Amino acid sequence: MSELLAGLNPDQLAAVTLPSQHALILAGAGSGKTRVLTTRIAWLISTGQVGPHGLLAVTFTNKAAKEMLTRLSAMLPLNTRGMWVGTFHGLCNRLLRAHYREAGLPALFQILDSADQLAAIKRLLKALNVDDEKFPPRELASFINAHKEQGIRAAQAEAWDEYTRRRVELYAEYEAQCQREGVVDFAELLLRAYELLSRNEPLRRHYQTRFTHILVDEFQDTNRLQYAWLKLLAGYGEYGRAAGQIAAAEAGAGSAAAGAPAAIFAVGDDDQSIYAFRGADVGNMRDFEREFAVKSVIRLEQNYRSHGNILDAANALISNNNGRLGKNLWTAAGAGEPIRVFEAFSDIDEARFIVDEARELVRDGVERDQIALLYRSNAQSRVLEHQLFSAGVPYRVHGGLRFFERQEIKHALAYLRLIANADDDTAFSRVVNFPTRGIGARSLEALQDAAHRANSSLYNAAAGLAGKAGASVGAFVRLIEALRRDTAALKLSEMVAHVIDESGLRRHYLGEKEGAERLENLDELINAAESFLREDSDALAEAAGDAGAVLAAFLAHASLEAGEHQAGEGETAVQLMTVHAAKGLEFDVVFISGLEQGLFPHENAAQEREGLEEERRLMYVAITRARKRLYLSWAQTRMLHGQTRYCAPSIFLDEIPPALLRRLAPAPAFASAPAFTSGYSGGYAAGRAGGNGGGGGKASGSRAAAGSTTEVRGLRIGQSVEHARFGVGVIVAAEGGADARVQVNFGAAGMKWLALDYAKLTPL
DNA sequence: AGAGAGAGCCTTTTT
DNA sequence: GGCTCTCTCT
């Protein structure tokens, strides 16, 4: 026990050992939030206040849930299996699988991810002959999701105009289609689970009695529905009323259940709320405090991550926001280095500066994966990648296509889904003609009409289809039936392998020019099935050996956990990601680029209510990622949407006290226009050599000291060279060492630093 | 059925 | 500028 609590600071200790009552923990960035959360669980269990069975812990990402479980099993000799620790969606899935009948779902209901949902909506619009230019599927999807996240069904939705009245109709049609097909989208998982508990009193009482402690991570990111779900589980809320608008149910909030309500331990940081655009409602924090009459609000303000200057900058910036719950980070570490600010001539210049600086840091011994390049929007990564690539710096871009979202994987999963649930029209449409088997648009139209008339799934309608279309579609249905029959006795991974082979997927990709990687991914899917069997025995225990349930569990796993973006194989790499993606991570060195009005803060944010404040919180998140060194940069001109834009520096730069900043002037090496440098007093090299006090951080030498020379690898200053792209130029500077490079004046093509390892220069 | 061209789009995103 | 979607051509 004392071992468990050792090393906690007084606030952390207070939070961990709080008595069983509602509590709100305001956990600042880098304040040991996850540690407090997991230690709290361990403390509750080891002091006998609750068994592993009586506790529910909910997070937003699978990663966070996994992290919590890993740390927990390191603290306690505990079988974490069977514990209700997971994401909102994962836990709701679990609830619905266990009580599918009461929830009005088929036993093997499938989960639609966002892309599946969009495809389902497109199919719906087509079937109903709705003009998808008037009702864009994406817009309709967010309309539906937004309503579900408010707890509003189509039947209760308000239609304030003709257009919306039609959208509400389509929402109702979509609900009916999903129900008919036995599929559930992400928002539906939550809403169904909420309705299940609110309508079914015995079930609700069962879970309310079972869970005496509920712990919530990243509470500032919860939406209204998630909060309502928590209230219901904790024994708060109105019960007599049918589930409907959450707003209505909330009128009765505060009336506790008959039994003792569960204690909610909510951890969050209102300053790091950056997901309002997808429905997160920071207001939940205040509501929680009020509605649950929270007596214990604990602030974790000691930061264990960043040096003082970085924290001071973050504190100063965020103090410009209104209506904060209030928090001020401090550190026992020294002030550290000043924050470096770089003003670039262009986006390319900015990228060149960043890459050059990063290379130098690596040369000075900083680990590559301890360097993060952050940006507001994904489009900015291109120019950075380009510079990294030409400099030969290994890098990794976060975000993008993930494993279970790949085309070939979705195809294979669609076959598996049809085996589990033949009514899944989304899966059916995806693979009925992939690989191609002569089922064209006309056949599909006939099939869709038939299905619509009979109010049945495509699969069932196929049997009644006559003519040529009937024959080819019939053959597909027989294929699925054969797959189902032949895989019935196989274990999951064998089943996956069989489906990949017999569906024709493998043959198709074997014949494709670029198919090798897709084939590898398909093999990886077989591996994934194998390790799912081995590791995710949780779900399997509940499935109790039922092959159909095992398949359904695997498919749910694929939908709920899209998998890592890319395998992090190979050498360590500089990390590139959006600020959003960086939340929760930390790095020794952080570059925040594109600090320009209109980009960061983003221009679209100006139109949204409190948009600027969310942008500021985003900036706050970005700053607090850095441990030791922080670079802020902006460019006077930037290519955006194919044209050059002239930019003003971000107001966020003005919100950081100048005393914390050191403005770096570009060295001639970085300036595209010579006239540009002359106005600067400092000079970039001079700026970086010093270190104006504070402790910590390694002071790197000036660039001039980094091996400058008059001759390198047979090239000397003054010599003429030719480059394939830039033409003829004259060498004006040279640098030796492992990363030897020369600076060449190409005249019209500009001044370039070229790494001799990569650039092909022909001496003239 | 598949390739190639033209049009329109363009903030952030986990489940 | 580049991606995605759609249309058209073969």
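Letters A, B, ... mirror the listed sequences (proteins, then strands); counts begin at 1. Quick caveat: nothing in here was measured; it's all calculated off a predicted structure.
- Between the side chains of A:E385 and A:Y395, at least one donor-acceptor pair of N or O atoms lies under 3.5 Å.
- At the phosphate of C:dG1, neither OP1 nor OP2 sits under 4.0 Å from any side-chain N or O atom of A:R638.
- A side-chain N or O of A:D185 and one of A:Q117 form a donor-acceptor pair less than 3.5 Å apart.
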CA sep, side-chain torsions, deciding dist, call: A:V184, A:L112, side chain to side chain contact (heavy atoms under 4.5 Å, CB included): CA-CA 6 Å; A:V184 160; A:L112 302 184; over 6 Å; no

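- Between A:I274 atom CD1 and B:dT14 atom C1' the separation is 12 Å, expressed in whole Å.
- Nucleotide B:dT13 holds its P atom 17 Å from the CZ atom of A:R617, rounded to whole Å.
- Of the candidates C:dG2, B:dT15, B:dT12, B:dT12 carries the atom nearest the A:N378 side chain, counting heavy atoms from C-beta on.
- Of the candidate nucleotides B:dT14, C:dC5, B:dT13, B:dT14 has the atom nearest to the side chain of A:T61.
- Surrounding CZ of A:R437 are more than 12 heavy atoms belonging to other residues, nucleotides or ligands, all under 6.0 Å away.
- Side chains of A:L458 and A:S429 form a contact here, defined as non-hydrogen atoms less than 4.5 Å apart.
- Look at CD on A:E512: it is 11 Å from C1' on B:dG2, rounded to the nearest Å.
- Closest contact between the side chain of A:F186 and the listed nucleotides B:dT13, B:dT15, B:dA1 involves B:dT15.
- If you take CG of A:L599 and C1' of B:dC10, they are 13 Å apart, rounded to a whole angstrom.
- The side chain of A:T578 approaches B:dT13 more closely than any other nucleotide in the set B:dA1, B:dT13, B:dT11.
- Closest to the side chain of A:F277, out of B:dT11, B:dT12, B:dT15, is B:dT12.
- Between A:F60 and A:F88, the ring center distance clears the sub-6.0 Å criterion.
- Atom C1' of nucleotide C:dG1 and atom CD of A:Q380 are separated by 14 Å, given to the nearest angstrom.
- Mapping A:T87 and A:N433 onto DNA chain B by nearest heavy atom places A:N433 closer to the 5' end of the strand.
- For A:H602 and B:dT11, the ring-to-base geometry satisfies the stacking test (centroid distance below 5.5 Å, interplanar angle below 30°).
- Of the candidates B:dT15, B:dT11, B:dT13, the closest approach to any side-chain atom of A:H580 belongs to B:dT13.
- Nearest-nucleotide mapping onto DNA chain B: of A:H641 and A:T436, the residue sitting toward the 5' end is A:T436.
- Among C:dC5, B:dT13, B:dT11, the nucleotide with an atom closest to any side-chain atom of A:R138 is C:dC5.
- The nearest whole Å value for the distance from the CD atom in A:E596 to the C1' atom in B:dT11 is 15 Å.
- If you take CE of A:M619 and C1' of B:dT12, they are 16 Å apart, rounded to a whole angstrom.
- Picking from B:dT15, B:dG2, B:dT11 the nucleotide with the shortest atom distance to the side chain of A:S114 gives B:dT15.
- If you check every strand for non-hydrogen atoms under 4.0 Å, A:Y275 touches sugar and phosphate atoms only.
- OP1 and OP2 of C:dG1 both lie 4.0 Å or more from every side-chain N or O belonging to A:R382.
- Counting non-hydrogen atoms under 4.0 angstrom, A:N62 reaches the backbone sugars and phosphates but no base.
- B:dT14 sits 23 Å from C:dC3 when the C1' atoms are compared, rounded to a whole Å.
- Here B:dT13 presents its P atom at 14 Å from NZ of A:K63, a figure rounded to the nearest Å.
- Base engagement by A:E615 is indicated by at least one non-hydrogen atom pair under 4.0 Å involving a base atom.
- Within the 4.0 angstrom heavy-atom criterion, no nucleotide atom of any strand lies near A:D347.
- Nucleotides B:dT12 and C:dC5 are separated by 23 Å at their C1' atoms, to the nearest Å.
- A:D269 and A:Q220 share no side-chain donor-acceptor pair at under 3.5 Å.
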